[in-house]
Amino acid sequence: MKKLINSPDTVLTDALAGFAAAHPELTVDLGQRVISRRARPAAPKVAVVSGGGSGHEPLHGGFVGPGMLDAACPGEVFTSPVPDQVLAAAQVAHSGAGVLLVVKNYTGDVLNFRLAAELAEEEGIEVRTVLVDDDVAVQDSTFTAGRRGTGATVVVEKAVGALAERSAPLAEVAALGERVNAASRSFAIALTAATVPAAGKPGFDLPDDEIEVGVGIHGEPGRRRERLRPARELAAEVVDTVLADHELAAGDEVIALVNGLGGTPLIELYVVYGEVAARLAERGITIARNLVGNYVTSLDMAGFSLTLTKADPHLLDLWDAPVATPALRWS
Amino acid sequence: MKKLINSPDTVLTDALAGFAAAHPELTVDLGQRVISRRARPAAPKVAVVSGGGSGHEPLHGGFVGPGMLDAACPGEVFTSPVPDQVLAAAQVAHSGAGVLLVVKNYTGDVLNFRLAAELAEEEGIEVRTVLVDDDVAVQDSTFTAGRRGTGATVVVEKAVGALAERSAPLAEVAALGERVNAASRSFAIALTAATVPAAGKPGFDLPDDEIEVGVGIHGEPGRRRERLRPARELAAEVVDTVLADHELAAGDEVIALVNGLGGTPLIELYVVYGEVAARLAERGITIARNLVGNYVTSLDMAGFSLTLTKADPHLLDLWDAPVATPALRWS
Amino acid sequence: MDIPLALAWIREIAAAVEREQARLTELDSAIGDGDHGSNLSRGFTAVLPALDALAPASVGAVLTKVGTTLISRVGGASGPLYGSAFRAMGKELPGERATTAELGEALAAGLAALRELGGAAPGDKTIVDAWAPAVAAFTAAADHPGADHPAADLPAAAKAAADAAAHGAEATTALQARKGRASYLGPRSIGHQDPGATSTALVFQALATVTA
Amino acid sequence: MDIPLALAWIREIAAAVEREQARLTELDSAIGDGDHGSNLSRGFTAVLPALDALAPASVGAVLTKVGTTLISRVGGASGPLYGSAFRAMGKELPGERATTAELGEALAAGLAALRELGGAAPGDKTIVDAWAPAVAAFTAAADHPGADHPAADLPAAAKAAADAAAHGAEATTALQARKGRASYLGPRSIGHQDPGATSTALVFQALATVTA
Ligand SMILES: Nc1ncnc2c1ncn2[C@@H]1O[C@H](COP(=O)(O)OP(=O)(O)O)[C@@H](O)[C@H]1O
Ligand SMILES: Nc1ncnc2c1ncn2[C@@H]1O[C@H](COP(=O)(O)OP(=O)(O)O)[C@@H](O)[C@H]1O
Ligand SMILES: [Mg+2]
Ligand SMILES: [Mg+2]
Ligand SMILES: [Mg+2]
Ligand SMILES: [Mg+2]
């Protein structure tokens, strides 16, 4: 395993210390492992809190700041945070208007955030939860764990964060989060496996000419293996897979996220974006806004994911609203 | 070779097409391979133009926009642009106040930009050139090609870009660029080699437990090999190596860039940043501003570089000035 | 079971988790995210000092402490699940000693709690597939005259439970996961033993070891 | 040398570059950035159609066209260097044919141009280390009565130049680079043959081939 770390068990602590040093505008509680805004809101507003396993940077800590998250609680690598930690994040972020928890749909996250929500409610903090489940690689069914939450988390967090800044009530912010999640679908392809520091070796071995199709962001293998093919074909397959599970029609507008999984350089992501845009154009779908880069990663995994969120004027307005976080900033 | 590309010889064309689709606020001339701002300046201003081989994304195209570059000309992967291309960039960017060429110190870049400058002068465009040579891994001497230009390019381009927006004259902007370069030093460590698409395999083989120390951003091997060690030790070695070649004293302020080489995930870069900050604190040096992320990459190479630029109030003021480019934006 | 035995059981689980950590992570790498071993290791490494600091007044106090510690230290799916199971068991055992029958009811309460929280049924390729048969075997072995006498054939019941749990864990190999991370693999989850069911087998083997 | 021979020379260089592209890139990977082969291939792939479109009035017109095309297509260090060399040679040969002596002077002018632009001296482990000995050998072989007669022992001079260039290229292996990318390696550049000197050997071998 080749990593710039001190030791597998200190990766998170060390990374958080570095994050704290790099971002003085944020408060990082190294004991509780909670990242929050240094500036408290002038008036009470819905506090948007998210978290999950580490290894997906900049998610979630990189999205804490005006216009997006109020606090984030990073768990161990690929392991959801514990309830106490989520509670601590909710407490520090709470400014009197309730807390919205943005949770990616994984059993561990769901259970730990649920226990945390109970604890918070016991303390008289009003809590609502938005579950993000956008990954079409996983069949949705009540008999399974359901679809995974991946790239759409960024779109959901940006949208609810912007609405919360406009001091909308908790119910409204939660409802928006559910709408944006429902309007989002994602799919990922990996060229290499991620290496969890504690495991010390790649989660799966992939021959030099093979890729994992429908891979997860926790090194979970995909649903099948294929030959590596030109970016044009891979992009087309990903677009078609996402659209097959999406109620998008010609003429619709989308927010498109071409997301790197951590080990793929930007030049390749732009190649992919070009092919994605071309394919969507063929299908009569317009990209109203886009992001190209590493936003929801899987440690050092090489590959990309595509997230398409159906856009409407209200969502675009929220998307364009000012944001000032380590990983996303515009005005 | 595992890459998200269509073919080795179309990488640049395809990536530029994707970049153009992703950034409608920029003009991308796919024929000439020139990226420029869509909006012309209201009044004549010094045009800041940079370029170099591709494979270092977001450098340089990702830094085109208000507050930074006026135009960029990406060459083939790891190959400097040709004179005609640099000339085209200078022509489109020129608004009547002259052109500043920011050139990384590599023989190919120096020669091609020199020929381009001659052509531009022949067309009556006033041209000045700033050579960036910050890499302390290379001994500086008039008998050699001199030090390489790496991470400092970002700091130089941000600073001269900001000064140019304030409609300073060409000589002044050029002088600032030289000062910022003179105040900057960098050093890089690679965990893996970059794979040039046309070559099809890594530029060098590195055993699983070895690193290249003092590596370049073109897959040039470093000056020596070492055992992989904890991030704390590597960061300390890099800081000490940079400081040994830097006229920094306790009490000084710096702009610090912990830069990923392309294949290293953000969580590791934050681990490194934490160690770098700690080491600098020991040496009595204050980090006034920082960047942590992938800014000057080497395709899929894993590793990082550290750039330290001595800061003064004027430079910090220019650093804080608004910038709105694909890769760097704040206000 | 008395308080010292309860403490011995937990310490044996902790030791087993350390021994098997790599294997648990290995299994989780195949159909999950490669952290089950480190998750449980983190949890039980925190449990030991927590127990040392504790002056338990009941068997239940020990198990409850284990549950709350796992919940607040592990994270992931296994933290809340094992944590809730131990907390539920703790509730059932308020006395300084517990009969084998009472312990059997506690183990059943633990199963109910983790099923309630996780919503998994037998056959879903989860912890349940080892815990459920273990409870059944334990109660069957314990369920006969004399069981109300504290130590009554606890060894036999524990041994039966351990064998059933191990057996149940191995049987998960043939199953397609319907819950947890492995469910994302669909048919590709078949042919791999479930990490959580495997760690549950360790929990019951530990009980057999300390009661033997 | 007449115009058809000049064209044949360039086409032979282009063919050699295609044949040796992988090897040139290989050498450049060891002490450079692994693109010398693709750089020259890109350049000469552009040169061929440019020459087809050209109705050259002089030997120099051919070489000048080669130079300007390389400069505007190759990029990297080798583009401007080879480009300037060919442009300088072109300037020297305004006629429809050139004597062997004139060609020798042109080759010397090419060397002067690339030394002027690149600032490299013999021994710096660059193109110069193949081109310089080639010029010396060519002039020595050409420099005797009869050389003013066009075809006079051009074959002999070209052969001598090719051998000297090949020899000079091989000799770069022992050198520590002081110019170009390889200079960044310091002592580690020793033991590898210089890619540019190697491609220069191809240029002179091509001349020998078409004149033989
Ligand atoms: N809904 C559930 N009910 C019961 N057990 C479950 C459930 N989901 C997952 N598990 C168990 O949890 C184990 C994985 O635990 P762990 O790896 O620690 O958590 P995570 O999957 O969050 O990384 C699985 O092997 C499975 O046995
Ligand atoms: N200053 C110089 N003078 C002469 N030749 C040089 C000089 N610098 C580099 N070269 C030659 O250029 C070759 C590399 O060419 P190439 O790989 O195409 O360009 P780059 O180094 O920009 O990638 C080197 O092998 C060397 O022979
Ligand atoms: Mg996990
Ligand atoms: Mg090059
Ligand atoms: Mg796991
Ligand atoms: Mg080269």
Side-chain angles (χ1 to χ4, degrees), chain A residues 8-9 51-53 55 73-87 106-116 119 135 137-139 141-148 193-204 214-225 298, chain C residues 21-22 24-43 45-46 68-84 87 114 116-121 123-127 176-189 192 196:
Chain A
D9 20 291
C73 43
E76 291 290 335
V77 171
F78 290 174
T79 304
S80 69
V82 296
D84 315 32
Q85 193 184 350
V86 178
L87 175 64
Y106 299 94
T107 305
D109 298 73
V110 170
L111 299 184
N112 285 280
F113 276 82
R114 184 190 303 163
L115 296 180
L119 297 172
D135 188 345
V138 175
Q139 264 122 22
S141 142
T142 47
F143 303 111
T144 70
R147 284 196 309 246
R148 298 177 288 223
T195 298
V196 176
K201 52 191 185 51
F204 49 84
V215 77
I217 57 171
H218 300 90
E220 310 104 320
R223 291 190 70 87
R224 69 176 185 283
R225 287 188 177 189
S298 183
Chain C
Q21 175 177 355
L24 294 173
T25 287
E26 182 93 31
L27 292 172
D28 196 36
S29 297
I31 56 172
D33 59 352
D35 62 1
H36 188 52
S38 42
N39 286 350
L40 291 187
S41 159
R42 188 170 55 254
T45 309
T68 52
T69 308
L70 291 179
I71 288 176
S72 61
R73 290 311 190 81
V74 174
S78 57
L81 289 164
Y82 275 122
S84 309
R87 259 167 54 179
L114 72 86
E116 200 283 326
L117 182 64
D124 286 352
K125 198 176 183 116
T126 72
I127 290 174
Q176 170 167 343
R178 274 191 300 264
K179 282 279 186 277
R181 228 175 265 286
S183 68
Y184 304 142
L185 286 175
R188 278 178 78 182
S189 63
H192 302 274

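Letters A, B, ... are given to chains in the order of the sequence lines, protein chains preceding strands, and every chain is numbered from 1.
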Under 4.5 Å from a heavy atom of chain A, the part of C:Q21 involved:
neither
Write down the atom of C:D35, the atom of A:V77, and the distance for their closest heavy-atom approach.
OD2-O, 4.0 Å
Between C:L185, C:T25, C:D28, which residue shows the highest count of heavy-atom pairs closer than 4.5 Å to chain A?
C:L185
At a heavy-atom separation under 4.5 Å, does A:Y106 approach chain C through its side chain, its backbone, both, or neither?
both
Who wins among A:V138, A:N112, A:T107 for the most heavy-atom pairs under 4.5 Å with chain C?
A:N112
When C:S183, C:G180, C:G186 are compared by non-hydrogen pairs under 4.5 Å with chain A, the top option
C:G180
Can you give me the closest heavy-atom contact between A:F78 and C:R181, atom names plus distance?
O-NH2, 3.8 Å
So, taking the atom named CG in C:L117 and the one named CZ in A:R114, what distance separates them when rounded to the nearest 0.5 Å?
5.5 Å
List the atom of A:G146, the atom of C:Y184, and the distance in Å for their closest heavy-atom pair.
O-CE2, 3.4 Å
Tell me, side chain or backbone of A:A198 under 4.5 Å from chain C's heavy atoms, or both, or neither?
side chain
Tell me if the CD atom of C:Q176 is crowded by more than 12 foreign heavy atoms within 6.0 Å.
yes
Show me the donor-acceptor pairs, under 3.5 Å and distance only, between side chains in residues 69-81 of chain C and residues at least two apart or in other chains.
unit_1: C:T69; atom_1: OG1; unit_2: C:K65; atom_2: O; d: 2.6
unit_1: C:S72; atom_1: OG; unit_2: C:T68; atom_2: O; d: 3.1
unit_1: C:S72; atom_1: OG; unit_2: C:T69; atom_2: O; d: 3.3

Given a strict heavy-atom distance threshold of 4.5 Å, which part of A:L115 is in contact with chain C: side chain, backbone, both, or neither?
side chain
So which part of C:A120 gets closer than 4.5 Å to some heavy atom of chain A, the side chain, the backbone, both or neither?
neither
Hey, does A:D9 have a side-chain heavy atom less than 4.5 Å from the side chain of C:R42?
no
